[in-house]
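Here's the structure we're looking at; comments come further down.
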Amino acid sequence: MRGRSLKPRDLESFAITTVIAVLLFILPPINAEAKSPRIEIAPKIIRQGDAFIIRVTGTKKSDVPSAAVAKNAIHFSMCGEGCFIGIGGISLEARTGSYPVKIKAGGKRKNLRITLKKAAFPQITMTLPEEKVIISPDMLEVVKEENKRLKSLFLLISDRLWEGGFLSPVENTISTYFGTKRIMNKTWTSIHRGIDIKGLEGDEVRASNNGRVVLAQELFFGGNTIILDHGQGIHTVYMHLSQLHVDCGDSVSKGDVIGLLGSTGRSTGPHLHFGVKISDISVNPLSVLKLDL
Ligand SMILES: [Zn+2]
């Protein structure tokens with residue numbers, strides 16, 4: 001079989017191909033600077049009242065991302081070279097469904113989604129002495145003032161102090177889960193916005209993460225209460241303590257003993273009420289302990 005000789009047109013296309021190949025080899029990709037950052041939401045499917053993480057990687061140090069879910073802003077901090085992390089939460093009262101997560105990162109706007117599934121919150125009926133249920137008008141005013149002050153604390157967004165995962169302040173079983181609807185003396189209804197951890201009077205209560213003490217005092221419902229600010233709008237709450245071992249303004253490290261378990265305030269026996277707030281949204285502490293931070 002006779003070999004085909006190269007025609008001028010073949011030579012021309014060979015030359016063009018070679019030039020393109022050389023250019024591709026020596027020139028950097030045109031859009032190297034405009035490369036999209038990688039955005040990951042974890043978990044992508046959550047239950048009412050759960051916390052979640054947004055991790056942005058492959059972005060510049062100066063490009064702090066911003067994000068919002070259900071009109072709530074999520075605050076970011078650095079988690080390494082070109083890496084930012086934000087922690088968000090969705091209210092236990094939020095409707096189930098698919099929520100848009102609006103993110104601005106690396107100069108680009110992206111819309112991702114998170115799925116909110118129904119949580120099976122328990123319901124319990126309790127019969128308590130009337131004085132444990134009824135509040136006098138005077139005390140109601142005190143409670144309103146306390147709640148106003150707490151809300152202003154929970155809305156403060158400070159620099160990140162937390163490092164790594166959050167830990168359970170007391171290692172024991174849970175007596176009342178997050179979201180439990182409690183009907184007291186057939187008339188009063190309350191939603192439990194934290195978890196009650198079983199324990200004995202005097203058991204050590206530890207800081208769930210590094211933070212700063214923003215409240216250490218007696219409250220009407222919570223008894224001796226400590227609130228830690230971990231930065232990025234994340235606060236942990238420890239109630240019914242028998243002793244407070246920290247003062248307002250103190251810095252604490254994860255695992256430090258901050259107080260002792262007790263039964264102060266409106267409590268029916270020794271236990272720790274542990275709550276977590278993210279930008280004033282009460283989230284399920286168990287979902288926070290599970291976050292991969
Ligand atoms: Zn409780």
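When a ligand or atom number is given, it counts from 1 through the structure's own listing order. If you're wondering where the values come from, they're calculated on a predicted model, not measured in any experiment.
Residue His273 approaches the Zn ion (ligand 1) most closely through its N/O/S atom ND1.
The closest donor-acceptor contact from the side chain of His273 to the backbone of His240 lies at 3.5 Å or more, if one exists at all.
For Arg193 and Ser282, the side-chain atoms include no donor-acceptor pair closer than 3.5 Å.
The nearest N, O or S atom of His271 is not closer to the Zn ion (ligand 1) than 2.8 Å.
If you look at His230 and Phe166, their ring centroids are closer than 6.0 Å.
Rounded to 10°, the angle formed at the Zn ion (ligand 1) by Asp196 OD1 and His192 NE2 is 100°.
Between Arg206 and Glu204 there is a salt bridge, since at least one side-chain N of the basic residue sits less than 4.0 Å from a carboxylate O of the acidic one.
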